[in-house]
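In what follows, every heavy atom counts, from backbone to side chain, and hydrogens, waters and symmetry copies are set aside. Note on naming: letters A, B, ... go to the chains in the order of the sequence lines (proteins, then strands), and numbering restarts at 1 for each one.
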2 protein chains.
Amino acid sequence: MAARKGYGQFCPVAKAAEIFAERWTPLVLRELIVGSQRFNELRRGLPLMSSALLSQRLKELEYAGIVEHRSGARKNAEYHLTEAGQELRPIIEALGFWGARWMRSRLTNEDYDPSLLMWDIRRNLDVQRLPEGQRTVIEINLHGAEPAVRRWWLVVDAGEVDLCMKDPGYEVSLRLSAELRAMVDVWTGRQSMDAAMRAGKLTFEGSRTLASSFRKCLKLSPFARAAS
Amino acid sequence: MAARKGYGQFCPVAKAAEIFAERWTPLVLRELIVGSQRFNELRRGLPLMSSALLSQRLKELEYAGIVEHRSGARKNAEYHLTEAGQELRPIIEALGFWGARWMRSRLTNEDYDPSLLMWDIRRNLDVQRLPEGQRTVIEINLHGAEPAVRRWWLVVDAGEVDLCMKDPGYEVSLRLSAELRAMVDVWTGRQSMDAAMRAGKLTFEGSRTLASSFRKCLKLSPFARAAS
DNA sequence: CGGGATCCGTAAAGATACTG
DNA sequence: CAGTATCTTTACGGATCCCG
C-alpha cells in the first residue's frame with residue numbers, strides 16, 4: 001500500500017512541497033503568472049505536457065485553493081490564480097533567477113525549443129516602438145532548428161503582433177538570421193546581441209533603422225538580469 | 001520513448017524545477033539547510049522516505065552541483081550544500097512561509113508525527129536558559145499519539161540535550177502533558193501556549209519556575225511567525 | 001551501526017486516440 | 001476548444017540484504 005501522496009510531516013515546507021513540487025506544477029504556475037488563462041493557451045507554453053496531466057494538475061491546484069476555474073456560460077472557461085496562487089509568484093521568480101544563475105550550463109539540446117523562443121519574443125515585443133501606420137513584417141531564420149520550426153514571421157500591424165510559421169505573403173521589412181543557440185543566449189541575457197553579431201551568429205538584412213528599432217523593442221527574458 | 005527527465009524548455013524556471021521540484025527534494029534541502037550532514041541524520045528528518053530514494057536524490061543533487069559529498073577517510077562521509085545549494089535557502093524559506101499561511105488547513109492526521117515534533121523541539125531548545133550545574137529531566141506526554149511514540153524524555157545536562165523514548169530512570173523535574181494536535185499548533189505558532197493551557201489541552205506538572213523556564217527556552221518553529 | 005544496493009509490486013506520468 | 005479514455009512506461013514505496 002504505497003501512500004503516494006503526502007510526506008507525513010506538519011512542517012510547512014512539506015505541506016507546500018506536496019502541491020508545489022509535483023512534476024510540471026511550477027511550470028503551470030509560471031504560465032498562469034505570465035497571464036495564460038485558457039486551457040489551450042496554457043498548453044502552448046507547455047508543449048511536452050500531456051493534456052490529461054495538465055487537466056489533472058489544474059484540478060489539483062483548484063482543490064488546493066491556488067487556481068480558480070471560472071467556467072463561463074459556454075466554452076470560455078478561464079483559469080485564474082487566487083490570492084494564495086498570486087503569492088507563489090515571488091517563489092517562481094526566485095526559482096527562475098536561481099535557475100538562470102546556476103542551471104544555465106545544464107541546458108540540453110532538447111531545451112532549445114524554437115517555438116517557445118518565438119512565443120516568448122512575440123509576447124515581449126514592445127510594439128509601440130515600431131513604425132506606426134504601416135505593416136512591418138520581420139522574418140526570422142533560426143539556424144540549427146528543425147526545418148519545420150526554422151522560419152518564422154512576425155507581422156506587426158496596428159499595434160497587433162501576429163506570429164506565423166508560414167509565409168504570410170507580405171513583403172518582408174526586415175530579415176533576421178541567427179543560430180538558435182545564440183538567439184536563446186541573447187533572449188536569456190547570457191550574451192548581448194552585439195556580441196552575437198560580432199561573432200557572426202546573428203545578422204540583420206534590410207533597413208538599418210528598422211533593425212535598430214527592432215533591437216530596441218525586443219525586451220529580454222524577465223530572468224535575463226541574473227548574473228551569468 | 002518517454003523523455004522522463006527534463007521539460008524541454010530553456011526557461012530558467014523549468015531548468016530549476018527539473019531538479020528542485022522532484023518528489024522529496026525540497027525536504028532533503030530543508031534538512032541540509034537546518035544542518036543535517038550524515039545520511040542517517042537526514043533519514044531521521046525524512047522518516048517516510050526510503051533510503052534508496054534518499055541515496056538517489058543526494059546523488060542527483062551532487063551531480064547538479066547543489067550538494068557536496070565529502071567522504072572522509074573512514075565512514076564519516078558528510079553531505080554539505082555548495083554555494084548553489086545555499087542560495088536555495090531563501091526559496092525553501094519562502095515556500096515554508098507560504099505553506100504556513102495557506103496550507104495549514106490541509107494538515108491530515110498522518111502529518112501529526114510525534115517523532116518529528118519532538119526532534120524539532122529538541123533541536124530548538126535554548127538550553128542556556130535552563131538551570132545549570134544540575135540535570136533537568138522533562139517528561140512529555142502526547143495524548144492522541146500512538147502508544148509507542150506517546151511518552152518522551154528530554155534530559156538536559158551540562159548544556160547537552162538528550163531525547164529519549166524510554167524512561168532514562170532519572171527523577172523527572174517537569175512533566176508536560178498535551179494533546180498532540182495542540183502541541184503541534186503551539187510549535188507552528190498557530191496557537192499560543194497560553195491559549196492551549198487555557199483550553200486545557202496542555203498542562204505542566206512540577207516546579208512552577210521550571211515550567212516557566214522551559215516555556216522561555218522553547219523556541220518556536222522558524223515559520224511560526226507566518227500569519228494564520 | 002552507518003550507508004547504502006537490490007528486487008518487486010503499485011502508482012503516476014507519457015503516448016495516442018477519441019469525444020461533446 | 002477543452003478536455004477524456006486507454007494503454008504503456010517509468011518512478012516510487014517497502015522489504016530485504018549486504019558490507020566495512
Side-chain angles (χ1 to χ4, degrees), chain A residues 1-9 14 17-28 31-32 36-64 67-80 110 113, chain B residues 1-9 14 17-28 31-32 36-64 67-80 110-111 113 165:
Chain A
M1 208 123 324
R4 286 320 254 301
K5 329 215 95 169
Y7 294 117
Q9 302 199 2
E18 281 180 13
I19 182 77
F20 182 88
E22 289 263 301
R23 184 156 169 80
W24 285 107
T25 297
L27 303 207
V28 173
E31 285 304 303
L32 290 164
S36 296
Q37 301 184 336
R38 314 294 299 272
F39 189 84
N40 283 353
E41 201 179 350
L42 289 161
R43 290 207 63 188
R44 227 175 343 205
L46 306 163
L48 294 191
M49 184 182 195
S50 75
S51 72
L53 190 54
L54 174 56
S55 175
Q56 185 188 323
R57 285 286 181 272
L58 286 168
K59 278 176 190 145
E60 290 164 2
L61 289 169
E62 195 184 352
Y63 181 72
V67 159
E68 263 182 333
H69 188 191
R70 295 186 203 147
S71 189
R74 307 193 166 257
K75 277 291 183 159
N76 27 7
E78 290 184 355
Y79 296 91
H80 293 269
E110 292 72 40
D113 181 325
Chain B
M1 207 131 318
R4 279 327 248 303
K5 331 215 96 170
Y7 294 116
Q9 302 198 3
E18 282 178 12
I19 182 80
F20 183 88
E22 289 263 302
R23 184 158 169 78
W24 286 108
T25 297
L27 304 206
V28 173
E31 286 304 303
L32 290 164
S36 295
Q37 301 183 337
R38 312 294 301 271
F39 190 86
N40 282 354
E41 202 178 349
L42 288 162
R43 289 207 65 188
R44 228 177 339 207
L46 306 163
L48 294 191
M49 185 182 194
S50 75
S51 72
L53 191 53
L54 175 57
S55 176
Q56 185 188 322
R57 285 287 182 273
L58 286 167
K59 277 177 190 143
E60 289 164 3
L61 288 169
E62 194 182 355
Y63 181 73
V67 159
E68 263 181 336
H69 189 192
R70 296 187 202 143
S71 191
R74 311 203 160 247
K75 276 289 180 162
N76 28 7
E78 289 184 356
Y79 298 91
H80 293 270
E110 292 72 40
D111 293 332
D113 182 325
M165 305 187 64

Student: Distance check needed: dG3(D) P versus Phe39(A) CZ, whole Å only.
Tutor: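 Whole-Å distance recorded here is 5 Å.
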
Student: Grab the NE2-C1' distance between His69(A) and dG3(D) for me, whole Å please.
Tutor: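 Rounded to the whole Å, the gap is 10 Å.
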
Student: Could you tell me whether the phosphate oxygens of dA12(C), OP1 or OP2, come under 4.0 Å of any side-chain nitrogen or oxygen in Arg23(A)?
Tutor: no

Student: I need the CG-C1' distance between Leu53(B) and dG3(C), as an integer number of Å.
Tutor: 15 Å

Student: Should Lys59(B) and Glu62(B) be marked as a salt bridge (charged side-chain N to carboxylate O under 4.0 Å, His left out) after you check the CA-CA gap, both sets of side-chain angles, and the distance that decides it?
Tutor: CA-CA 5 Å; Lys59(B) 277 177 190 143; Glu62(B) 194 182 355; over 6 Å; no

Student: Taking the inter-plane angle between the rings of Tyr79(B) and His69(B) on a 0 to 90° scale, is it parallel (under 30°), tilted (30 to 60°) or perpendicular (over 60°)?
Tutor: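 Ring orientation, 0 to 90° scale: parallel.
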
Student: So, is Arg43(B) near the phosphate of dG4(C), with a side-chain N or O under 4.0 Å from OP1 or OP2?
Tutor: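 Result: no.
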
Student: Reading DNA chain D from 5' onward, which residue's closest nucleotide shows up sooner: Tyr79(A) or Trp24(B)?
Tutor: Tyr79(A)

Student: Counting only N and O atoms by type, is there a donor-acceptor contact under 3.5 Å from the side chain of Glu18(B) to the main-chain atoms of Tyr7(B)?
Tutor: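 Here the side-chain-to-backbone pair exists.
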
Student: State whether Glu60(B) and Arg57(B) are salt-bridged, where the test is any N-O pair (Lys NZ or Arg NE/NH1/NH2 against Asp/Glu carboxylate O) under 4.0 Å.
Tutor: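 Answer for the salt bridge query: yes.
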
Student: Is any side-chain heavy atom of Val28(A) closer than 4.5 Å to a side-chain heavy atom of Glu31(A)?
Tutor: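 Val28(A) does not reach Glu31(A) side chain to side chain.
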
Student: Is it true that a side-chain atom of Gln9(B) and a backbone atom of Leu48(A) form a donor plus acceptor pair closer than 3.5 Å?
Tutor: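 Side chain of Gln9(B) to backbone of Leu48(A), a donor-acceptor pair under 3.5 Å: no, none is there.
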
Student: Is the side chain of Arg23(B) donor-acceptor paired with the backbone N or O of Glu22(A) at a distance under 3.5 Å, no angle test?
Tutor: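 No; judged by distance alone, with no hydrogens or angles, the pair does not exist.
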
Student: Hey, is the side chain of Arg38(B) poking within less than 4.0 Å of OP1 or OP2 on dG2(C), counting only N and O atoms?
Tutor: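 Result: no.
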
Student: Tell me the interatomic distance from Glu22(A), atom CD, to dA12(C), atom C1', rounded to whole angstroms.
Tutor: 9 Å

Student: If we ignore hydrogens and angles and just use 3.5 Å, is the side chain of Arg70(B) paired with the main-chain N or O of Ala77(B) as donor and acceptor?
Tutor: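 Absent.
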
Student: Quick check on the helix from dC1(C)-dG20(D) to dG20(C)-dC1(D): what's the angle between its two end axes, five base pairs per end, to the nearest 10°?
Tutor: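 Angle reported: 30°, given to the nearest ten degrees.
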
Student: Write down the atom of Gly8(A), the atom of Asp113(B), and the distance for their closest heavy-atom approach.
Tutor: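 Taking Gly8(A) first and Asp113(B) second, the nearest heavy atoms are O-CB, 3.9 Å.
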
Student: Are there any protein N/O atoms within less than 3.5 Å of an N/O atom in nucleotides 5-8 of chain C, and if so, which ones and at what distance?
Tutor:
residue, atom, partner, partner atom, Å
dA5(C), OP1, Lys59(B), NZ, 2.9
dA5(C), OP2, Ser55(B), OG, 3.1
dA5(C), OP2, Lys59(B), NZ, 3.2

Student: I need the CG-C1' distance between Leu54(A) and dA13(C), as an integer number of Å.
Tutor: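 For the pair Leu54(A) CG and dA13(C) C1', the rounded distance is 13 Å.
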
Student: Just the rounded figure in Å: distance from P of dG4(C) to CZ of Arg57(B).
Tutor: 16 Å

Student: Could you tell me how far apart Met49(A) (CE) and dA13(C) (P) are, to the nearest whole angstrom?
Tutor: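 Met49(A) atom CE is separated from dA13(C) atom P by 9 Å.
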
Student: May I have the distance from Leu46(A) (atom CG) to dA2(D) (atom C1'), rounded to whole angstrom?
Tutor: 15 Å

